[in-house]
2 protein chains.
Amino acid sequence: MNRQIKHLPRSTFRDHIAEQLRDLILNGVLRPGEPLLEVQLAEQFGVSRGPLREAMRELVDEGLLVVRPYAGTTVIELSAKDIREIYSIRTALETLAFEQAWDRRDAAFHAELDRRHAQLVAAIDAEDEVGSIHAELDLHSLVFETADNKLLSRMWSILRGRLQIYWVTHHEAHGRRGPYRDAHLVYVESAKGDDIGRMVSELRRHMRRGADRTAEFVGQHVRLQG
Amino acid sequence: MNRQIKHLPRSTFRDHIAEQLRDLILNGVLRPGEPLLEVQLAEQFGVSRGPLREAMRELVDEGLLVVRPYAGTTVIELSAKDIREIYSIRTALETLAFEQAWDRRDAAFHAELDRRHAQLVAAIDAEDEVGSIHAELDLHSLVFETADNKLLSRMWSILRGRLQIYWVTHHEAHGRRGPYRDAHLVYVESAKGDDIGRMVSELRRHMRRGADRTAEFVGQHVRLQG
DNA sequence: GAATTGTCGATTGTCAACAACCGACAAAGC
DNA sequence: GCTTTGTCGGTTGTTGACAATCGACAATTC
């Protein structure tokens, strides 16, 4: 009677493809605006269009792709307004994550914080731009994982995906990330400290800086849509 | 050159079905845990399984349905922990919505606020339980609409869907909603006032009350999952 | 009798063909 | 010349059939 453990869902083609497609998008292989042809992608993945379409729909609902009936699917293009929206929501949710994670912080949390920060610094020093984007988002992901809130994690993954698309596709035009080594050091130190008030205000400063930086850039180089 | 207006996407079977299915779920016709059979539903909607599966996947990604490969799809069952998660996130996001909507409030906003509140009161007085659930959520939706933040609206719709599933399926066991007439009057009055600080603290009180009420109920009547 | 194995029906996952639709270009009309 | 209309290639939307997998129950073994 104690067969509590549900079967681990076997993976299906659809899930596998969704994962691969997501990687392709989040690593900038498929760029915003570029049309995704079903027959071509299906052949490329070695499946028929059915599972591929379902995988694409998953990414549409995640907000990574946008579809117009009978006119095709493309990677989302983010406007300046979109960036502002993302950062405002991110600030609210990451603050909530810290509140919920605060009492769960332990030695393992601190260690993991240092580990991810070290990876970020290493990527920055190696001038691995895409790697440093991943590393930075991984660092920020930790607090969401620690908060132990499934829905919150899901919403973070939606935000994260959009941020990643934006940064990966535009990082060449941005400056180097070097100056942000110190910023993240402050973030990490605050997260390890005992004053949640300080953490929250540091977080808000951090977010404001990120939002200003990207919004300013979008204003310069990308057609404004809103 | 000023053909700025993109074609309004023609509706597809898939979209139409997703909408109908969503209504079925959110009105409690399809109850949590109940299996959704593809062939049966496809026949019922008069389409083949392809579009139906894509519509179901859309609802899966919205968090209304849950799927286990080769074992079927069911309406999500919410645990006590899920309810807590929803309310914590909802508090953060509705607060943000008020911050962003605050300067956009105008006469039309106030009128719409009154209109939706009147509808809520009417539903309560008519003892139309399901109607009052819809009306209450409609009332709270207004601030998200006014905030003019697409992503925030989308996240609210995710939260709203889950709340609606929970309340609609459990409202018989809950008490009448009568006592909450006054609570919403305070909410509306605060939203019309000039003090956003008061609004936020009223909102938090409002959310705490809702969370306590549902969590307590879930603890009593539903198998705890977390 | 309890646990294991085998079989079966039902359901989901996948496929390849067909139909509907869009965008672009060319021809016709004013 | 400008607008309108018609055609065409290509892409997406939809379908029905086929394959793979699961859960339950019966048969088997210890």
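The closest side-chain donor-acceptor pair between A:Q164 and A:H134 falls under 3.5 angstrom.
Which of D:dT12, C:dT11, C:dG23 sits closest to the side chain of A:A71 comes down to C:dG23. The side chain of B:S48 approaches D:dG16 more closely than any other nucleotide in the set D:dC22, C:dC15, D:dG16. Taking every side-chain heavy atom of A:R68 into account, C:dG23 is the closest of C:dG23, C:dT14, C:dG13.
Nucleic acid contact for B:G72: sugar-phosphate only, since backbone atoms but no base atoms lie under 4.0 Å from a heavy atom of the residue. Residue contacts for A:P51: at a heavy-atom cut-off of 4.0 Å it reaches the sugar-phosphate backbone alone, with no base atom in range. Among the heavy atoms of the strands lying under 4.0 Å from A:L36 are primed sugar atoms or P, OP1, OP2 only; no base atom is included.
Between the P atom of C:dC15 and the CD atom of A:E38 lies a distance of 14 Å, rounded to the nearest Å. Going from atom CD of A:E43 over to atom P of D:dT11 covers 13 Å, rounded to whole Å. At whole-Å resolution of the value, OH in B:Y70 and P in D:dT21 are 5 Å apart. In this structure, the CG atom of B:D15 is 11 Å from the C1' atom of D:dG13, given to the nearest Å. Between B:L52 atom CG and C:dT11 atom C1' there is a gap of 13 Å when expressed in whole angstrom units. In this structure, the CZ atom of B:F13 is 15 Å from the P atom of C:dA19, given to the nearest Å. Here D:dT14 presents its C1' atom at 14 Å from CZ of A:R57, a figure rounded to the nearest Å. At whole-Å resolution of the value, CG in B:L37 and P in C:dG9 are 18 Å apart.
Between B:D82 and A:K150 there is a salt bridge, since a side-chain N of the basic residue sits under 4.0 Å from a carboxylate O of the acidic one.
Using a distance-only test at 3.5 Å, with no hydrogens or angles considered, a donor-acceptor pair links the side chain of B:E34 to the main chain of B:R31. Judged by distance alone, with hydrogens and angles left aside, the side-chain atoms of A:R116 form a donor-acceptor pair with the main-chain N or O of A:D138 at under 3.5 Å.
B:R14 has no side-chain polar atom (N or O) that falls below the 4.0 Å cut-off from OP1 or OP2 of D:dT14. For A:R49, no side-chain nitrogen or oxygen approaches OP1 or OP2 of D:dT12 to under 4.0 Å.
In this structure, B:R105 is positioned above the aromatic face of B:W102, its NZ or CZ under 6.0 Å from the six-membered ring centre and within 45° of the axis.
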